[in-house]
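Report on the following structure.
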There are 2 protein chains.
Amino acid sequence: MKRVTSEVAYEYIRKRIQTGEYPPGFSLVTEVLSSEIGVSRTPVREALHRLATDGLVEIRPRHGATVKQMDLAQYRDFCGLRLALEGYAAMLAALVHTPLELRTIKLALDAMRTHTERIIVDDQDKVAHEALMAEDVRFHVSIMSAAKNNLVKSEILRLHLVNRILFGPADPSGPPIKEFANKAEHDENRRRVLANHEEIYDAIARRDAPAAREAMERHIQDIIDHAALTFGGTPAVRELTPEELAYRG
Amino acid sequence: MKRVTSEVAYEYIRKRIQTGEYPPGFSLVTEVLSSEIGVSRTPVREALHRLATDGLVEIRPRHGATVKQMDLAQYRDFCGLRLALEGYAAMLAALVHTPLELRTIKLALDAMRTHTERIIVDDQDKVAHEALMAEDVRFHVSIMSAAKNNLVKSEILRLHLVNRILFGPADPSGPPIKEFANKAEHDENRRRVLANHEEIYDAIARRDAPAAREAMERHIQDIIDHAALTFGGTPAVRELTPEELAYRG
DNA sequence: ATTTCAATTTTTGGATGCAATTTCTTAATT
DNA sequence: AATTAAGAAATTGCATCCAAAAATTGAAAT
């Protein structure tokens, strides 16, 4: 025995989903995966269950596992969760951050500013794009670390994982997503994100908890709105679940 | 094959944890459980993993599973999560509730009022105690249903599950929990809970989203404070994790 | 030609066996 | 007597095997 085999299976599948090699709706057959990875079906099964609790995979009993796919309504629910948690984390961070934690947040913010400027000058700068994304993550992670609530932190990290998958690198065989907006729109969006981050940082720095929460919530709401635009124009009236309908009689 | 055996195992173990038959820290050995339940080790393993993601069980690789135990610090983190989510749900409910959903919430509130009065008159009324707990749950569930975000709802329900376990029926072999306060204190607490609920309801009814959130957050904060008292007097300074310490260099 | 029903194949969920690792026990040494 | 080391027992994690359920294919009847 080498090491935790189920971990290998988990990482293997997760990576494929994230890169888009296994697109949303893709059927994940244990037998195929196990022979592909070179382990038996047991650890694959376990990995799929873990991915299901992460929200990356959907398992219907006796029907197998598929890569999760979300419609806009589900995405909005998802972002609502993120909004609630990250807003709370920002609030906590404003209250309990240490000077060092504040500096860590500021470092990420400053780096983002630099990279954003660079991208606005040269749209094709791949390195700057990569760096910007990395610093964006660092900014958010720094805030939830400063909040000092590990449960909240791990929940948010789990959500980020899903977000990356559904709106990540590519969606080669998925439904036709609306073509990217033009550069001017993109630049405007980047500036808005940066402005949002600055607001959040300032509120945390002056220990203004309500303002920090509001700023973070506005930021995430902006993300939702932006995604709604690129996703497709439909206002997407929410479907009511049977469970919800039960409340009406 | 009869039915989903892993479901049987899951319910079996969950119930035992909730009733306190398996107290916090209790060692959950797959072999023992499988022979006790009458299924093989595979579904037991799966059930334990599910319980771990629910937060009821702790699994350390190669060391087995134990019933999760929380200290006060962890409980506060846990309640923080609940506060963030239920506060958000109350806000949403204020914004998007239908008249029927509002009435459902009011029904639970009215029932709670009745049962609380009854308990204050007769402390020993077991039926009223049961009913009060049930209506308390109904009140909270009605609100998250009215919020119409299934993800948030299922997350909160998961949290409620854990809450029930750690502060549920009994903890026979656990550390000596401070003896229950006297009746006057209890009655005061019950009245405060009811007043909280009324505030929450009123805010939702008049579609005042910020007030609904604030009232809910105050309510949960009260619960935390109350638990801190009955748990033990220690202020419980949070331990820093190695991960957090990394941020300091 | 299309639809329906049955048989075959595929695939999941569960049981069992096996190897590796951890823990418990016991004995020996300081 | 206490502490450590070695071996024995127990327990986890993975692989394989088996049975039940679902999907698919093919044939027959309308």
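Letters A, B, ... are given to chains in the order of the sequence lines, protein chains preceding strands, and every chain is numbered from 1.
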Check whether any side-chain N or O of B/K153 sits under 3.5 Å from a backbone N or O of B/L151 as a donor-acceptor pair, and report yes or no. no
First of A/V29 and B/P61 reached from the 5' end of DNA chain C, by closest nucleotide: A/V29
Round to a whole Å and report the spacing from [atom1] of [X] to [atom2] of [N].
X	N	atom1	atom2	answer
B/E31	C/dA15	CD	C1'	12 Å
A/L48	C/dT11	CG	P	14 Å
A/L28	C/dT10	CG	P	19 Å
A/E46	C/dT12	CD	P	16 Å
A/L33	D/dA15	CG	C1'	17 Å
B/R60	C/dT21	CZ	P	18 Å
B/R45	D/dA15	CZ	P	11 Å
A/I59	C/dG13	CD1	C1'	12 Å

With a 4.0 Å cutoff (strictly under), does any side-chain N or O of [X] reach OP1 or OP2 of [N]?
X	N	result
B/H63	D/dT11	no
B/T30	D/dT11	no
B/S40	C/dG14	no
B/T42	C/dG14	no

Under the criterion side chain to side chain contact (heavy atoms under 4.5 Å, CB included), I'd like the reasoning laid out for B/R14 against B/L161: C-alpha separation, chi angles, the key distance, then a yes or no. CA-CA 10 Å; B/R14 185 182 61 76; B/L161 194 75; 4.1 Å; yes
Check: A/R41 side chain, C/dG13 base, donor-acceptor under 3.5 Å: yes
With hydrogens left out and only the distance checked, is there a donor-acceptor pair under 3.5 Å joining B/R62's side chain and the base of C/dT21? no
List the atom pairs, donor and acceptor, that lie under 3.5 Å between side-chain atoms in residues 78-90 of chain A and the rest of the protein, sequence neighbours left out.
residue	atom	partner	partner atom	Å
A/R82	NE	A/E86	OE2	2.9
A/R82	NH2	A/E86	OE2	3.3
A/E86	OE1	A/H140	ND1	2.8
A/E86	OE2	A/H160	NE2	2.8

Testing the 3.5 Å rule here: is there a donor-acceptor pair between the side chains of A/E101 and A/T104? no
Between the two ends of the helix from C/dA1-D/dT30 to C/dT30-D/dA1, what is the bend in degrees, rounded to 10 degrees, where each end axis spans five pairs? 10°
Evaluate A/E46 against B/R50 for salt bridge (Lys or Arg N to Asp or Glu O under 4.0 Å), listing each step before the verdict. CA-CA 10 Å; A/E46 195 175 313; B/R50 275 186 59 194; over 6 Å; no
Does a side-chain heavy-atom distance below 4.5 Å link A/E36 with A/Y12? yes
Taking the side chain as every heavy atom from C-beta outward, state whether A/L107 and A/R138 have any atom pair closer than 4.5 Å. yes
